[in-house]
Amino acid sequence: MHMPTDKIVPQSDLYSRESTTARTPDENPLPVRVKARDVSVFYGQKQALFDVSIDVPEKSVTAFIGPSGCGKSTFLRCLNRMNDTIEGCRVSGLIALDGSDIYDPSLDPVELRARVGMVFQKPNPFPKSIYENVAYGPRIHGLARSRSDMDAIVESSLQKAGLWSEVKDRLHEAGTGLSGGQQQRLCIARAIAVSPEVILMDEPCSALDPIATARIEELIDELRQNYTIVIVTHSMQQAARVSQRTAFFHLGNLVEEGPTDLIFTSPVEKRTQDYITGRYG
Amino acid sequence: MNTAIVASLLLLMLGFAYQLGWSRSRNMAVSGVKIHSRPAYHASLVAFWALLPALLVLGLWALFGDTATRTYILAQLPTEITSLTAADLEVTIRRIRQIESGFGVVGEAQTYENSAAQALREFRALTFAFVVATAAATGAVGLFLAQRRINPRLRARNEIERIVRVLLIGCSVVAILTTVGIVASLLAEAFRFFTFVSPIDFFFGTVWSPGFSSTGAGASGKYGLLPLLWGTLMVAAIAILVALPIGLMTAIYLTQYATPRVRGIVKPIIELLAGIPTIVYGFFALVTVGPFLAGIGSALGLDIRATSALTAGVVMGVMIIPFISSLSDDVIRQVPLAMRDGSLGLGATQSETIRRVVIPAALPGIVGAFLLAVSRAIGETMIVVLAAGNSPFLRLNPGEPVSTVTVTIVNQLTGDTDFASPQSLVAFALGLTLFVMTLILNVAALFIVRRYREQYD
């Protein structure tokens, strides 16, 4: 999948190079958690993403915005190698989590995905009980030593996802019986339960009503205290509300990336300007 | 030839009526009036009303024509012949019909037979002309009345849609009536059997030895169902033991691991298994698998006969593999990709995802597939006829020959067409038992599969 031989630039140089799309540096930059350099993605012969380079700072929310088909979800799925499951998908370039290449052949994508959790566009609880949904990850990774350990993990995960008070009396009912917003928070709890470092969210509110969306957004803001969050969103308002940094994608290119307030008030690129003022997209 | 005449006449009438309806409504449309239905509907309606009366007349003749002809033949015969016994009279009538059709008869034809045949020939020509004329006339009347109805406000489309709906209902009723008919005939004959043998002796008897009806022993045989039921269940169980793991693993491989290229090659080949006639499986079992298993048995020091429950079960299992694999393949593919992604996204491996998420989500559908396969195994006949050894005794060892319900039905009905003795009537009681068993399994399977569907739609 990973083809370092494609590169003229040696890996070490690639890694140390600064992100060129990043504009004005923050005054107090947070340490970088995820670093991507010249990432290109191909589906068969078709190139979906062109040389994307970006730094994702830790304990903050980074939003990817852009019109449909701009490659933002594709790029997100590179960050935990979910693209591996797609037939004919090829990724080149470098993506590093805490300084180590995640496409290194010696690294097991299964371990990576335990460190980089994911929440999907449509709530997708397993057809199991609420408890079993949350316990699924800890169980396969052997995180709980005893029944009471597991109970504690489930409770704290549900609490962090803001769902505990609503479901504590019916933990053994089907997870699919919850409302859409509750299902999505259950999926967030499920992701939190394996204690990931990074949480990827692929348009987590696009299937939800405004009230459920507001709850998820509040939750994202709370989760920022402990996790590095990358969120793909269709809604510019949402990006403005929840994120600290925003990256604008267009036609497979990362056009511009920087602190959210700057991107929305004084973008450098004309394409960004046009998009956020609603000229297209 | 007569059929060809009638068919071409009907087609001609149909075409004419359609054309007439089309041009009349078309003229109306061209003249600028806003019409409710398009010309094609008006034309179809006229054609329908022209065809229906004609078909009714022909249908009535098909139902009662034979009785009428028969009455006419009887009227032609001299009284000393008509006073013969029913069986002899039947023979005479058949001879006359054969002379009339030019088929010829055994022995010398009597003069009265020849004259009756001559009269019959004229009668048939006349009635045929009459029936066709009546059909044409009623068709013409229908056509005339229908085309007079054409006017801009006529809701021809709605009427055609109603007619089509009635036709569709009719088609599905045919299937239902067939089922009802099968059950009714099974029930009637089975009840006749139970006048000879008590249901308790039948359902709980442990000895199967029906004797032969030709010896005139009447109900002297023993009709215990249990040995046959045991054989059936044992063969079916062996078949499922072979087919379920192989079929399920195949489905998992094809849906989760195989590349599209491999899948495109492997899936049709597996489904080819379902297309092999069961009789071919039968001699495959008899000639190849049976001796092979017997050889393995003797090498291991086990006594396995070449024709046994094991042979039949193994080969039947191979036959059922495509059922289980195709049906499971379908239900596994119905599990939303989001489930799989959700599990993989949590760091589960592919096999953990399959075992803990995909299979549990698809389980009701897999159970449904399993039950359908069981009912298929219970009803299977040709493989067991050839390979199970036909030995209706209660035996625990699968290496011994057995007999099954289906095999016994074949045995009881071949060669002996006298449906009055318990020896042949028992086949209907067995058939009924089989029918009820598979019906219950099918209903259970449908119920489970339907509950599963509601979960994801």
Side-chain angles (χ1 to χ4, degrees), chain A residues 76-77 79-88 108-129 132-143 157 174-177 183-184 186-196 198-202 207, chain B residues 251-267 328-369 447-457:
Chain A
L76 188 78
R77 289 170 67 93
L79 300 182
N80 68 345
R81 293 186 59 175
M82 278 302 278
N83 281 334
D84 290 17
T85 64
I86 295 171
E87 201 75 38
D108 187 352
V110 165
E111 277 171 51
L112 171 73
R113 291 185 199 133
R115 293 170 62 197
V116 183
M118 186 150 192
V119 176
F120 296 84
Q121 190 166 354
K122 231 180 111 195
N124 59 346
F126 303 131
K128 300 170 184 282
S129 69
E132 283 302 318
N133 261 286
V134 182
Y136 182 84
R139 196 161 276 158
I140 53 177
H141 295 296
L143 298 182
S157 307
T176 45
Q183 284 188 15
Q184 194 61 298
L186 177 62
C187 293
I188 292 173
R190 187 174 72 181
I192 293 171
V194 289
S195 319
V198 180
I199 301 176
L200 309 176
M201 297 188 177
D202 189 356
Chain B
I252 290 172
Y253 170 70
L254 286 180
T255 51
Q256 309 289 318
Y257 292 97
T259 60
R261 236 173 70 90
V262 172
R263 190 183 151 82
I265 298 166
V266 172
K267 202 170 148 75
S328 310
D329 185 308
D330 288 347
V331 294
I332 289 175
R333 275 145 71 78
Q334 273 177 31
V335 174
L337 203 61
M339 286 302 134
R340 224 163 56 113
D341 279 356
S343 173
L344 292 173
L346 286 168
T349 63
Q350 196 165 13
S351 81
E352 281 165 342
T353 301
I354 292 166
R355 274 183 290 123
R356 290 166 182 258
V357 175
V358 177
I359 296 295
L363 196 61
I366 292 171
V367 172
F447 179 74
I448 291 170
V449 170
R450 198 172 51 211
R451 272 194 55 169
Y452 163 71
R453 284 231 178 90
E454 284 166 359
Q455 210 173 339
Y456 290 112
D457 282 353

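Throughout, protein chains are lettered first and strands after them, A, B, ... in sequence-line order, and every chain is numbered starting at 1.
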Completion exercise
So CZ of B/Arg340 and OG1 of A/Thr85: to nearest 0.5 Å the spacing works out to 6.5 Å

Report which part of [X] has an atom under 4.5 Å of a heavy atom belonging to chain B: side chain, backbone, both, or neither.
X	value
A/Val116	backbone
A/Pro196	neither
A/Phe126	both
A/Arg190	both

Handout entry: Most contacts with chain B, counted as non-hydrogen pairs under 4.5 angstrom, among A/Arg139, A/Arg113, A/Met118
Key =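 Most heavy-atom pairs within the cutoff with chain B belong to A/Arg113.
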
Practice task
Mark yes when over 12 heavy atoms from residues, nucleotides or ligands other than B/Lys267 sit less than 6.0 Å from its NZ; otherwise mark no.
Solution key: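 More than 12 within 6.0 Å, yes.
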
Practice task
Indicate yes or no for a side-chain donor-acceptor contact from A/Lys128 to the backbone of B/Pro360 under 3.5 Å, with no hydrogens or angles considered.
Solution key: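 No, the answer is negative, given that no donor and acceptor are paired below the 3.5 Å cut-off.
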
Looking at every heavy atom in both [X] and [Y], which two are closest together, and how far apart are they?
X	Y	value
A/His141	B/Gly347	CE1-O, 3.1 Å
A/Tyr136	B/Glu352	OH-O, 3.9 Å
A/Ile140	B/Ala348	CD1-CB, 3.2 Å
B/Gly342	A/Phe120	CA-CE1, 3.6 Å

Exercise for the section: Check whether any side-chain heavy atom of B/Met339 lies under 4.5 Å from a side-chain heavy atom of A/Pro125, and answer yes or no. Expected result: no

Exercise for the section: Evaluate the side-chain proximity of A/Arg77 to B/Asp341: yes if any heavy-atom separation is below 4.5 Å, no if none is. Expected result: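 Yes - at least one pair of side-chain heavy atoms lies under 4.5 Å apart.
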
